[in-house]
Amino acid sequence: MTAVEPRIDTITVLNPATGAVAGTVPVDDAETVAAKARELRLFQPEWEAIGPQGRRKWMLKWQEWILDNKDHITEVLMAETGKSHWDANIEPTLVADGINYWSGNAEEFLADKNPSAHSPLFKVKKFTTAYRPQPLVGVITPWNFPFAMPGLDIPPALAAGCAVLLKPSEVTPLSGVEFVRGWTEIGAPPVLGLATGYGATGAALIDNVDYLQFTGSTATGKKVAVACAERLIPFSLELGGKDPAIVLADADLDRAANGITWGALFNSGQVCVSTERVYVEAPVYDEFVAKLAAKVRNVKQGQESGRDYTYDIGAMATGAQRDIVERHIAESVAAGAKVLTGGKPTGQGTFFQPTVLTDVTHDMPCIVEETFGPTLPVIKVADEDEAVRLANDSVYGLSATVWTGDVKRGERVARRLECGAVNVNDAMTNVFAFALPMGGWKESGFGYRAGGPNGILKFCRPQAITSPRLPTQKSELLWYSSPKRQGLFALAAMRAFAARGGRGSGRRG
Ligand code: NAD
């Protein structure tokens, strides 16, 4: 986010790999955003009323549209991000998978719960918890996965029965246009809208929604949290990370080098859950570093003009992001780090060479700050304890990987790490597993996405409904018309409570 945003009414999007114009979008002002929000609210009650199965029908049509238009979506993604074909191609596939999961499970996840009464005095009542959707959910997304990011959060919100207004990043808004175009083209109820623009458009969106799902930097996330607090609307923040990898001496070093190369360089390292620090036990440090550098040197960088899969990774999404990567390396090298491979912009577009750094200390920018680029600083540690201590020594806590020949040991190490997800002998798996929560600890987030039923229920307001089980009389125990009964009720309630050891009898429904 820039401090002063340009006063223009159109954003022209460029391909960072080539400089070619990829497209334009309007900058929506506050009145336009408010009008779009009002329009979406009109159609939400009917969307809620058709129920999970009615919504699933539309969502599956939308999924079909995405699969039918996958090549075009991938081209748009490549054009506005500079991604390789491989990195772009995964996005529509992931979204199609998510639509299937959320629409297919919504009925079960949204089903009423009927908890039993905690006290015998309430046995005459039926208790129901119903899950009612937030009418309008705002979704603000970053530039690193312009199709997948809305695709992770919007399907569960739609499946819950909410209307949704998306504000994609100003850097990569064109994939967001495609995302919403698919919904419109299938003729679905108009409960998914799009607002394009800079941060001010995002701020206007917060002013008009009932729930905010934000993905972006920690710095912006803090401002967004304040704005939501001022309106007293609930929100979920998925923010930055500085994910560690721990390589234990008993690990399969070839697999670890392979997996960490992918975990760090996928999407040119522009992934919130990218591996950005590697801690290696001393006995295998030299061997591992040699294998890692060899793998990293083999990564093919470029952008295809056709539909082949020539390259592994593409360009950085912006020149500003490339400059951050360059600065982290330059400042770390000035402080004593060594570049084992890479270390420079290629000179073409915004491409930056995949880089391995050694002789790194724990106070260098490449270890402390989120780089969001293709860098792998590696640190030698004495043992598991030192690896865990250093891995936890960060303001971030998004996710981590542990590499070991002993899976049980990997799971034990996972529970010592201060972060929202740990993948043992793999990287990023949890992102693709919708049954698991994906959320950051510490400054990496607030709340989480996905996580089975909670991924849908977070977009709902639980509503308690009580109703009589038995034929009713003219008066109830607590009512003013029977003051004597009130005293009896209080006494009976206390006795019942005491008889149960003061614990109550309520079970989960
Ligand atoms: P950013 O914070 O600069 O922008 C994110 C979005 O917020 C954009 O759409 C932007 O226009 C909008 N915005 C800016 N100011 C706003 C304001 N005051 N009110 C409302 N909206 C505002 O982030 P970015 O540079 O686009 O993305 C990179 C960051 O996103 C990295 O830190 C990365 O780690 C993080 N990220 C996190 C996850 C996750 O799931 N945890 C996933 C992807 C990216």
Side-chain angles (χ1 to χ4, degrees), residues 1-6 11 25 27-28 30 33 80-81 91 94 138-153 165-173 175-176 194-209 212-231 233 235-243 266-276 316-318 320-321 324-325 369-373 394-399 419-421 428 430-432 437-451:
M1 195 193 60
T2 48
V4 180
E5 292 172 350
I11 295 172
V25 291
V27 175
D28 286 338
V33 173
E80 69 174 350
T81 60
E91 295 200 39
L94 178 64
V139 175
I140 298 179
T141 53
W143 45 256
N144 59 338
F145 291 101
F147 200 78
M149 276 300 146
L152 283 177
D153 294 316
L165 184 52
L166 165 67
K167 206 302 272 176
S169 166
E170 58 272 33
V171 179
T172 56
S175 306
L194 178 76
T196 48
Y198 297 91
T201 306
L205 180 129
I206 296 171
D207 285 340
N208 286 281
V209 297
L212 185 76
Q213 173 69 44
F214 174 84
T215 307
S217 63
T218 296
T220 310
K222 288 179 181 177
K223 291 182 194 165
V224 161
V226 170
C228 290
E230 275 172 1
R231 288 204 56 231
I233 59 166
F235 57 92
S236 175
L237 306 175
E238 313 300 332
L239 307 177
K242 190 75 193 174
D243 283 5
F266 171 55
N267 206 38
S268 295
Q270 301 166 113
V271 188
C272 53
V273 291
S274 270
T275 297
E276 293 210 0
M316 309 301 297
T318 64
Q321 193 57 43
I324 292 172
V325 179
E369 296 175 38
E370 183 183 42
T371 304
F372 224 52
S394 172
V395 296
Y396 295 110
L398 197 49
S399 71
C419 59
M428 295 189 254
N430 68 296
V431 177
F432 305 102
M438 181 199 174
W441 294 7
K442 302 194 271 185
E443 293 205 5
S444 286
F446 183 89
Y448 53 87
R449 63 163 59 94

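Each ligand, and each atom within it, is numbered from 1 in the order the structure gives.
Against a heavy-atom cut-off of under 4.0 Å, Thr141 is close to the following atoms of ligand 1: 6 (C), 8 (C), 9 (O). Close contacts between ligand 1 and Ser169 involve ligand atoms 9 (O) [criterion: under 4.0 Å to a heavy atom]. Every atom of ligand 1 with a heavy atom of Glu238 under 4.0 Å away is listed here by number and element: 37 (C), 38 (C), 39 (C), 40 (O), 41 (N). Counting atoms of ligand 1 from 1 in the listed order, those under 4.0 Å from a heavy atom of Thr215 are 5 (C), 36 (N), 37 (C), 38 (C), 39 (C), 40 (O), 42 (C), 43 (C), 44 (C). Proximity to Ile140 (heavy-atom distance under 4.0 Å) selects the following atoms of ligand 1: 6 (C), 7 (O), 9 (O), 12 (C), 20 (C), 21 (N). Residue Phe372 approaches ligand 1 through these ligand atoms, each under 4.0 Å from one of its heavy atoms: 28 (C), 31 (C), 33 (C), 34 (O).
Note that CZ of Phe432 is 6.0 Å distant from CG of Leu94, once rounded to the nearest 0.5 Å. Taking CD of Glu238 as the reference point, atom OG1 of Thr218 lies at 11.0 Å (rounded to 0.5 Å). Separating the OG1 atom in Thr201 from the CD1 atom in Ile206 is a distance of 11.5 Å, to the nearest 0.5 Å. Note that the CD1 atom of Ile140 and the CG atom of Leu212 stand 4.5 Å from one another [nearest 0.5 Å]. Considering OG of Ser175 and CZ of Phe147, their distance stands at 7.5 Å, rounded to 0.5 Å. Rounded to the nearest 0.5 Å, atoms NZ (Lys167) and CG (Leu205) are 9.0 Å apart.
Looking at Leu239 next to ligand 1, an N or O pair under 3.5 Å apart turns up. Of the N or O atoms in Gly197, none lie within a sub-3.5 Å distance of an N or O in ligand 1. On a distance-only criterion, Arg449 and ligand 1 share at least one N/O pair closer than 3.5 Å. Note: no N/O pair closer than 3.5 Å links Asn144 and ligand 1 by distance alone. In terms of polar-atom proximity, Glu170 is counted as a contact of ligand 1, with an N or O under 3.5 Å from an N or O of the ligand. Taking any N or O of Ser217, backbone or side chain, at least one lies under 3.5 Å from an N or O belonging to ligand 1.
Side chains of Leu239 and Phe214 form a contact here, defined as non-hydrogen atoms less than 4.5 Å apart. In this structure, Ser444 and Lys242 have side chains that are not in contact, with every pair of non-hydrogen atoms separated by 4.5 Å or more. Between Thr141 and Pro168 there is a side-chain heavy-atom pair separated by less than 4.5 Å. Using a 4.5 Å cut-off on side-chain heavy atoms (C-beta onward), Val431 and Val273 make contact. Side-chain contact check for Trp143 versus Thr81: every heavy-atom pair is 4.5 Å or farther apart. The shortest side-chain heavy-atom distance between Pro146 and Glu91 falls under the 4.5 Å cut-off.
Met438 counts as a contact of ligand 1, since one of its heavy atoms falls under 4.0 Å from the ligand. The shortest heavy-atom distance from Gln270 to ligand 1 is not under 4.0 Å. Within the structure, the closest approach of Gly445 to ligand 1 does not fall below 4.0 Å when heavy atoms are considered. Residue contact annotation: Phe145 has no non-hydrogen atom under 4.0 Å from ligand 1.
The residue Val273 has no part lying near ligand 1, judged by heavy-atom distances below 4.0 Å. When non-hydrogen atoms are compared, ligand 1 lies under 4.0 Å from the backbone of Pro168 (N, CA, C, O) but not from its side chain. Neither the backbone nor the side chain of Lys223 comes within contact range of ligand 1; no heavy atom lies under 4.0 Å.
Among Ala203, Ala320, Ala148, Gly138, the residue whose heavy atom lies nearest to atom 19 (N) of ligand 1 is Ala203. Nearest to atom 7 (O) of ligand 1 by heavy-atom distance, out of Phe214, Tyr198, Trp143, is Phe214. When the heavy atoms of Gly202, Gly241, Pro146, Pro142 are ranked by distance to atom 20 (C) of ligand 1, first place goes to Gly202. Atom 22 (C) of ligand 1 has its nearest heavy-atom neighbour, among Thr220, Val431, Leu205, Thr318, in Thr220.
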Exercise for review: Apply the test side chain to side chain contact (heavy atoms under 4.5 Å, CB included) to residues Met438 and Cys272: give CA-CA distance (whole Å), side-chain angles for both, the deciding distance (0.1 Å), then the verdict.
Suggested key: CA-CA 11 Å; Met438 181 199 174; Cys272 53; 4.0 Å; yes
Exercise for review: Any chance you could lay out the side chain to side chain contact (heavy atoms under 4.5 Å, CB included) test for Lys442 and Val395, step after step, and finish with the verdict?
Suggested key: CA-CA 6 Å; Lys442 302 194 271 185; Val395 296; 6.0 Å; no
